[in-house]
Chemist: 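To start, I am sharing the structure in question, which I have written as structure tokens.
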Amino acid sequence: KDFAELWSPDTRYAVWLDVELAACEALEAHGLVPQGAAAAVRDKKISLDPARIEEIEATVKHDVIAFLTHVEEVAGEEARFLHLGLTSSDLLDTTLAIQLGRAADLILAQLEALLAALRRRALEHRLTPTIGRSHGIHAEPTTFGIKLAQAYAEFAHNRERLVAAAARWRKTRR
């Protein structure tokens with residue numbers, strides 16, 4: 001998946017449905033809703049229509065209510081057990097954490113390629129002279145390889161930061 005698809009309404013609503021079904025399954029496990037309620041919706045393999053959800057939202061003025069109304073339209077009365085015990089923020093925050101984790105995975109894959117290219121080019125230019133810079137003016141000569149190695153080090157630190165942030169996002173949805 002690319003970033004545009006990750007942040008599209010189709011993906012957002014699909015994640016909303018996954019979150020709602022996971023919450024429903026948790027309620028089933030505690031005997032708070034009938035066993036199989038989530039599976040009844042999941043087994044229908046419903047197709048969500050973002051345009052229809054937006055149409056409903058224009059009337060009800062609430063995105064989650066519009067979503068749940070549409071799910072009930074396409075899944076039937078089995079959907080009545082969705083969203084029990086949840087707030088809209090529970091759904092939206094959990095979805096955001098999931099999408100941020102997926103975005104981090106996409107970024108990390110691209111970052112690995114960037115790090116490999118920076119490393120390769122730093123080694124290639126380890127003896128290529130260039131003018132150093134200090135406070136915006138020329139300084140002692142250095143090598144282009146050293147400049148690339150500095151960029152590599154900074155991106156490697158950024159990778160560590162992103163991995164740590166993604167771990168926190170993933171932890172929040174457990």
Chemist: Tell me every residue that passes salt bridge (Lys or Arg N to Asp or Glu O under 4.0 Å) with R12, counting only those two or more places apart in sequence or in another chain.
Modeler: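 Salt bridge (Lys or Arg N to Asp or Glu O under 4.0 Å) check on R12 returns nothing, list empty.
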Chemist: I'd like to check the side-chain hydrogen bond (donor to acceptor under 3.5 Å, both in side chains) partners of E112; sequence neighbours left out, ordered by chain and number.
Modeler: R159
Chemist: So, are E20 and R80 salt-bridged, with charged N and O less than 4.0 Å apart?
Modeler: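 No, E20 and R80 are not salt-bridged.
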Chemist: Strictly distance-based, threshold 3.5 Å: is any side-chain N or O of D90 a donor or acceptor partner for the main-chain N or O of T87?
Modeler: yes
Chemist: Strictly distance-based, threshold 3.5 Å: is any side-chain N or O of E28 a donor or acceptor partner for the main-chain N or O of G36?
Modeler: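 Between the backbone of G36 and the side chain of E28 there is a qualifying donor-acceptor contact (under 3.5 Å).
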Chemist: Is the shortest side-chain N to carboxylate O distance from R42 to E25 below 4.0 Å?
Modeler: yes
Chemist: Let me check something: do F81 and I46 share a hydrophobic cluster, defined by ILVMFWY side-chain heavy atoms less than 4.5 Å apart, either directly or through other members?
Modeler: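 No: no chain of side-chain contacts under 4.5 Å links F81 to I46.
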Chemist: Could you note down all residue pairs passing ring-ring contact (aromatic ring centres under 6.0 Å, His included) where residues 107-126 supplies at least one of them, sequence neighbours left out?
Modeler: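 Output for this query lists H125-F144.
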Chemist: Can you see whether E73 engages H70 through a side-chain donor-acceptor pair at a distance of less than 3.5 angstrom?
Modeler: yes
Chemist: Please check if the side chain of T128 supplies one atom and the backbone of T143 the other of a donor-acceptor pair under 3.5 Å.
Modeler: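 Such a contact is absent between T128 side chain and T143 backbone.
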Chemist: Set out, in order, the CA-CA distance, both residues' side-chain angles and the distance that settles side chain to side chain contact (heavy atoms under 4.5 Å, CB included) for L114 and L118, then state yes or no.
Modeler: CA-CA 6 Å; L114 174 62; L118 283 170; 4.0 Å; yes
Chemist: Taking G101's backbone N and O only, do any of them form a donor-acceptor pair with R170's side chain (distance below 3.5 Å, no angle check)?
Modeler: yes
Chemist: Quick one: does T69's side chain have a donor or acceptor within less than 3.5 Å of a partner on I65's backbone?
Modeler: yes
Chemist: Is it true that a side-chain atom of Q99 and a backbone atom of L6 form a donor plus acceptor pair closer than 3.5 Å?
Modeler: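 Side chain of Q99 to backbone of L6, a donor-acceptor pair under 3.5 Å: yes, one is there.
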Chemist: Could you check whether any side-chain N or O of S8 sits under 3.5 Å from a backbone N or O of E5, counting only pairs where one atom can act as donor and the other as acceptor?
Modeler: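 Yes, the answer is positive, given that a donor and an acceptor are paired below the 3.5 Å cut-off.
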